[in-house]
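Only a predicted model underlies this, so the values are computations on that prediction, with no experimental measurement involved.
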Amino acid sequence: MGIKRWKLRVSGIVQGVYFRASAEKSATEIGVTGYTRNLPDGDVEIVAEGSEGQLQQLKDWCHQGPPASRVDAVEVIEESATGEFSGFVIRR
């Protein structure tokens with residue numbers, strides 16, 4: 001099993017509810033690398049690299065999110081892994 005890269009777009013009530021901070025904590029615990037950031041349209045983007053199992057765990061977490069959020073959809077686009085990340089961070 002190689003390293004995979006997923007770009008997740010999470011929509012719903014996901015900004016102003018600690019979604020990015022919670023995603024950073026969960027991603028770090030799961031062991032994936034990458035980043036999360038707010039998008040201008042109100043969605044949150046997560047770019048993560050890890051095993052398929054780790055990425056699936058992160059996607060499962062995204063469907064729930066932190067308590068104050070309401071997730072309507074999680075879209076996944078699989079990309080080629082680059083290995084460019086050394087940890088998981090919040091981008092502004």
Side-chain angles (χ1 to χ4, degrees):
M1 289 273 236
I3 298 297
K4 295 182 178 273
R5 178 182 181 124
W6 286 5
K7 181 186 285 186
L8 300 99
R9 185 181 189 107
V10 186
S11 58
I13 299 173
V14 292
Q15 289 191 15
V17 293
Y18 300 102
F19 196 95
R20 290 177 304 152
S22 298
E24 178 188 35
K25 182 178 185 294
S26 293
T28 300
E29 289 173 358
I30 292 167
V32 299
T33 59
Y35 67 87
T36 182
R37 67 180 179 148
N38 284 339
L39 296 174
D41 64 2
D43 289 353
V44 168
E45 177 182 75
I46 297 172
V47 175
E49 292 188 354
S51 71
E52 186 154 1
Q54 288 172 313
L55 294 173
Q56 186 61 53
Q57 277 186 277
L58 182 61
K59 180 184 174 199
D60 292 345
W61 177 86
C62 286
H63 278 285
Q64 182 161 353
S69 69
R70 188 196 78 223
V71 176
D72 293 336
V74 179
E75 175 188 346
V76 178
I77 299 170
E78 191 166 336
E79 300 180 335
S80 297
T82 63
E84 68 189 275
F85 308 116
S86 59
F88 195 94
V89 299
I90 296 172
R91 288 193 180 168
R92 304 267 183 255

_Residue pairs fulfilling ring pair (Phe, Tyr, Trp, His ring centres under 6.0 Å) with at least one residue in residues 46-81, sequence neighbours excluded_ = Phe19-Trp61
*Measure the spacing between SG of Cys62 and CD of Glu75 and express it to the nearest 0.5 Å.*
12.5 Å
*Which heavy atom in Gly12 sits nearest to a heavy atom in Asp72, and how many Å separate them?*
CA-OD2, 3.4 Å
_With rounding to the nearest 0.5 angstrom, report the NZ to CD1 distance, Lys59 to Ile30._
13.5 Å
_Val47 side chain reached by Arg91 side chain, heavy atoms, under 4.5 Å_ = no
_Ala48: side-chain contact (heavy atoms from CB on, under 4.5 Å) partners, not counting sequence neighbours_ = Val32, Ile46, Leu55, Leu58, Phe88
_How close do Val74 and Val71 get, counting heavy atoms only, and between which atoms?_
CG2-CG1, 3.8 Å
*If two hydrophobic side chains count as joined below 4.5 Å and joins carry through other members, does Ile3 share a cluster with Phe85?*
no
_With a sphere of 6.0 Å drawn around CD of Gln64, does it hold more than 12 non-hydrogen atoms of other residues, nucleotides or ligands?_
no
*Atom OG1 in Thr36, atom CD in Glu45: separation rounded to 0.5 Å?*
8.0 Å
*If you take all heavy atoms of Gln54 and Gly31, which pair is closest and at what distance?*
NE2-O, 3.5 Å
*So if you build clusters from Ile, Leu, Val, Met, Phe, Trp, Tyr with side-chain heavy-atom gaps below 4.5 Å, do Ile13 and Tyr18 land together?*
no
*asked:* Going by side-chain contact (heavy atoms from CB on, under 4.5 Å), name the residues that satisfy it together with Thr82, two or more places apart in sequence or in a different chain.
replied: Arg5, Glu49, Glu84
*Could you pull out all residues at least two apart from Glu24 that satisfy salt bridge (Lys or Arg N to Asp or Glu O under 4.0 Å)?*
none
*Other than Ile77, what residues sit in its cluster of Ile, Leu, Val, Met, Phe, Trp and Tyr side chains whose heavy atoms are under 4.5 Å apart, directly or through others?*
none
*Do you know which two heavy atoms are closest between Thr33 and Ser86, and how far apart they sit?*
CG2-C, 4.1 Å
*Indicate if Leu39 and Leu8 have the same hydrophobic cluster label, given that clusters are the connected sets of ILVMFWY residues with side-chain heavy-atom separations under 4.5 angstrom.*
no
*Would you please name every residue forming a side-chain contact (heavy atoms from CB on, under 4.5 Å) with Asn38, sequence neighbours left out?*
Gln15, Arg20, Val44
*Flag the pair Trp6 / Gln56 as yes when at least one side-chain heavy-atom distance between them is below 4.5 Å, and no otherwise.*
yes
